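Worksheet: the structure to be examined is printed underneath.
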Amino acid sequence: MDLLPDVKAAKQKGARMTMCWVAQELIEKGERQGEIRGEARGRKQGETLMATLMQRLFADGRMEDAMRAADSEQDRKELYQEYGLMI
C-alpha cells in the first residue's frame with residue numbers, strides 16, 4: 001500500500017511519525033480497500049444472481065415475470081426463492 005501521500009500530508013500538519021502511526025495508517029487503509037473490494041464482489045454476485053434468474057425466466061418463456069423482476073425487488077426476491085436461487 002502506498003502511504004507516501006498520507007505521510008506527506010501528516011508531515012505538513014506537523015504530525016509526529018512513529019511506527020505506531022504507520023501501523024495504524026496501514027490498518028485503516030487496508031480496511032478501506034477491503035471494504036471497496038467487498039462492495040465490488042457484492043455487486044458482481046448480485047449481477048450474476050439477476051442474470052441467472054433472467055436466463056431461467058427466459059428459458060421458461062416467462063417474459064412478464066422477467067419484466068416484474070426487473071421492476072420490483074419484492075417480485076425478484078419471490079422469483080429467486082421459486083427458482084431456489086436465494087443465498
Side-chain angles (χ1 to χ4, degrees):
M1 275 178 256
D2 184 14
L3 279 183
L4 189 57
D6 298 320
V7 170
K8 286 180 181 179
K11 280 186 177 182
Q12 287 177 343
K13 293 178 185 176
R16 198 167 146 238
M17 299 289 108
T18 65
M19 289 304 292
C20 290
W21 180 88
V22 171
Q24 185 62 36
E25 288 296 309
L26 285 170
I27 290 168
E28 289 175 9
K29 196 167 207 167
E31 288 172 351
R32 286 191 302 267
Q33 288 178 347
E35 289 171 7
I36 291 167
R37 284 192 298 270
E39 290 171 8
R41 278 193 307 270
R43 274 193 304 276
K44 180 154 180 58
Q45 288 172 345
E47 289 176 2
T48 300
L49 183 62
M50 178 76 160
T52 301
L53 175 62
M54 289 298 162
Q55 288 170 346
R56 292 192 181 175
L57 289 170
F58 293 147
D60 290 345
R62 297 176 64 179
M63 301 308 161
E64 286 185 30
D65 287 332
M67 295 287 287
R68 284 187 320 119
D71 291 335
S72 166
E73 181 180 355
Q74 182 59 41
D75 288 342
R76 197 166 42 251
K77 286 180 179 180
E78 290 171 7
L79 289 163
Y80 286 149
Q81 287 180 338
E82 179 182 333
Y83 278 91
L85 299 174
M86 287 304 292
I87 298 170

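Please read all numbers here as calculations on a predicted model, not as lab measurements. No hydrogens, no waters, no symmetry mates; every other heavy atom, side chains included, goes into these values.
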Item checked: Nearest heavy-atom neighbours spanning D65 and L79 -> O-CD1, 3.6 Å
Checklist line | Ionic contact status for K77 with E73, cut-off 4.0 Å | finding: yes
Notebook entry, point to check: For the hydrophobic clusters of this structure (ILVMFWY residues joined by side-chain heavy atoms under 4.5 Å, transitively), does one cluster hold both M67 and M63?
Noted result: no
Item checked: Spatial distance of atom CE (M86) from atom CG (L49) [nearest 0.5 Å] -> 7.5 Å
Notebook entry, point to check: Would you call M54 and M50 a side-chain contact if the rule is heavy atoms closer than 4.5 Å?
Noted result: yes
Next item on the list: Measure the CD-CG distance between E82 and D75 for me, rounded to the nearest 0.5 Å.
Entry: 11.0 Å
Notebook entry, point to check: Taking all atoms of both residues into account, what is the closest heavy-atom pair of L57 and A66, and its distance?
Noted result: CD1-CA, 3.7 Å
Next item on the list: Hey, could you give me the CG/CZ distance between L85 and R56, rounded to the nearest 0.5 Å?
Entry: 4.5 Å
Check: Going only through I, L, V, M, F, W and Y residues with side-chain contacts under 4.5 Å, is there a path from F58 to Y80?
Finding: yes
